[in-house]
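The first residue in the sequence is number 1, and the count goes up from there. Hydrogens, waters and symmetry mates are skipped; everything else that's a heavy atom, side chains included, is used. Remember, predicted model here, so these are calculated numbers, not experimental data.
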Amino acid sequence: MSLFPAAGHARGLEKADYVILRGGTPHRGSEWVDLDTRPLEDQLAEIAHEVALRSEAAEHSRHADEQAQETAQQNRENALRLAYAAHAHAYRVQHLGKQTDAWHEAKRLAEFVTAVRDHTASLPPGQEKTEIEEWLRVVPQCSVARRTTCCRRRLGRG
């Protein structure tokens with residue numbers, strides 16, 4: 001905010017003819033003129049009051065800006081917390097899905113091995129029954145992911 005007196009007054013050569021108040025939000029006025037009926041000296045209280053009003057408005061605006069910035073920062077932090085929680089939840093769901101799939105696969109393989117054992121029990125003695133029994137001894141030692149390749153290698157077929 002600044003006061004701009006007449007150019008001659010700024011140089012100190014003559015009395016100012018008017019005052020212009022710039023900056024801030026005007027309330028009652030921005031220009032005061034030196035008149036014979038109303039000299040600038042008599043208007044100083046009004047000018048000072050205008051400066052005080054603009055100062056209060058600027059302080060209020062600054063405070064409102066600070067509040068808005070704090071609110072925006074809190075909103076960003078809340079959004080970040082929510083995004084993190086959503087990501088963690090999605091990761092847990094994905095991980096649980098993988099565990100569920102692995103459990104279903106293990107269950108399916110266990111059922112298959114049980115069915116093979118049951119079938120082998122009904123076979124007559126011979127090479128087929130011996131090979132299947134050997135395979136059934138090797139199966140528990142192989143990991144689920146590598147079962148077929150591992151079992152073939154242990155049986156000397158792969």
Side-chain angles (χ1 to χ4, degrees), residues 1-117 135-155 157-158:
M1 203 169 347
S2 60
L3 289 171
F4 289 94
H9 182 67
R11 290 189 303 262
L13 300 175
E14 59 188 60
K15 182 179 171 190
D17 295 325
Y18 59 91
V19 173
I20 299 173
L21 185 60
R22 295 190 180 150
T25 305
H27 292 277
R28 303 181 114 192
S30 293
E31 297 181 13
W32 292 266
V33 179
D34 190 17
L35 302 171
D36 290 335
T37 58
R38 192 164 183 229
L40 278 176
E41 292 83 2
D42 294 345
Q43 299 176 57
L44 284 179
E46 185 180 327
I47 295 169
H49 184 65
E50 179 66 19
V51 169
L53 288 174
R54 290 185 186 196
S55 175
E56 288 175 19
E59 180 63 22
H60 179 73
S61 178
R62 184 191 62 76
H63 182 69
D65 287 346
E66 286 177 357
Q67 289 284 76
Q69 288 176 355
E70 287 176 14
T71 300
Q73 180 64 27
Q74 289 173 350
N75 289 342
R76 284 190 295 273
E77 289 171 0
N78 287 338
L80 189 60
R81 273 193 293 278
L82 290 174
Y84 178 78
H87 176 72
H89 177 73
Y91 176 79
R92 288 184 198 111
V93 167
Q94 181 184 22
H95 186 67
L96 184 59
K98 287 179 181 177
Q99 288 179 329
T100 302
D101 292 344
W103 180 79
H104 283 295
E105 179 67 12
K107 183 179 174 187
R108 189 180 70 78
L109 290 172
E111 289 171 355
F112 173 74
V113 169
T114 300
V116 169
R117 274 197 183 103
W135 181 81
L136 288 170
R137 279 192 293 282
V138 172
V139 167
Q141 300 169 15
C142 298
S143 69
V144 173
R146 302 176 308 130
R147 184 149 303 189
T148 304
T149 306
C150 178
C151 291
R152 285 184 183 155
R153 190 172 53 248
R154 287 178 185 262
L155 293 170
R157 295 187 186 156

For residues [X] and [Y], report the shortest heavy-atom separation together with the two atoms involved.
X: Asp36; Y: Pro39; result: O-CD, 4.3 Å
X: Arg54; Y: Ser30; result: NH2-OG, 2.7 Å
X: Val33; Y: Leu40; result: C-CD2, 4.0 Å

Residue pair Glu50 / Glu46, side-chain heavy-atom distance below 4.5 Å: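 No, side chains not in contact.
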Any Arg117 side-chain heavy atom under 4.5 Å of Val113 side chain: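 Result yes, sub-4.5 Å side-chain heavy-atom pair found.
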Derivation of the side-chain hydrogen bond (donor to acceptor under 3.5 Å, both in side chains) call for Gln73 and Gln69: CA-CA 6 Å; Gln73 180 64 27; Gln69 288 176 355; over 6 Å; no
How long is the span from the [atom1] atom in [X] to the [atom2] atom in [Y], to the nearest 0.5 Å?
X: Glu41; Y: Gln43; atom1: CD; atom2: CD; result: 9.0 Å
X: Arg22; Y: Glu31; atom1: CZ; atom2: CD; result: 8.0 Å
X: Glu77; Y: Leu80; atom1: CD; atom2: CG; result: 8.0 Å
X: Leu96; Y: Arg92; atom1: CG; atom2: CZ; result: 11.0 Å

Listed once per pair and sorted, the salt bridge (charged side-chain N to carboxylate O under 4.0 Å, His left out) pairs that draw on residues 61-76, sequence neighbours left out: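 Sorted result for residues 61-76: Glu59-Arg62, Arg62-Glu66.
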Thr114 side-chain N/O to Ala110 backbone N/O, donor-acceptor pair under 3.5 Å: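 Side chain of Thr114 to backbone of Ala110: a pair is present.
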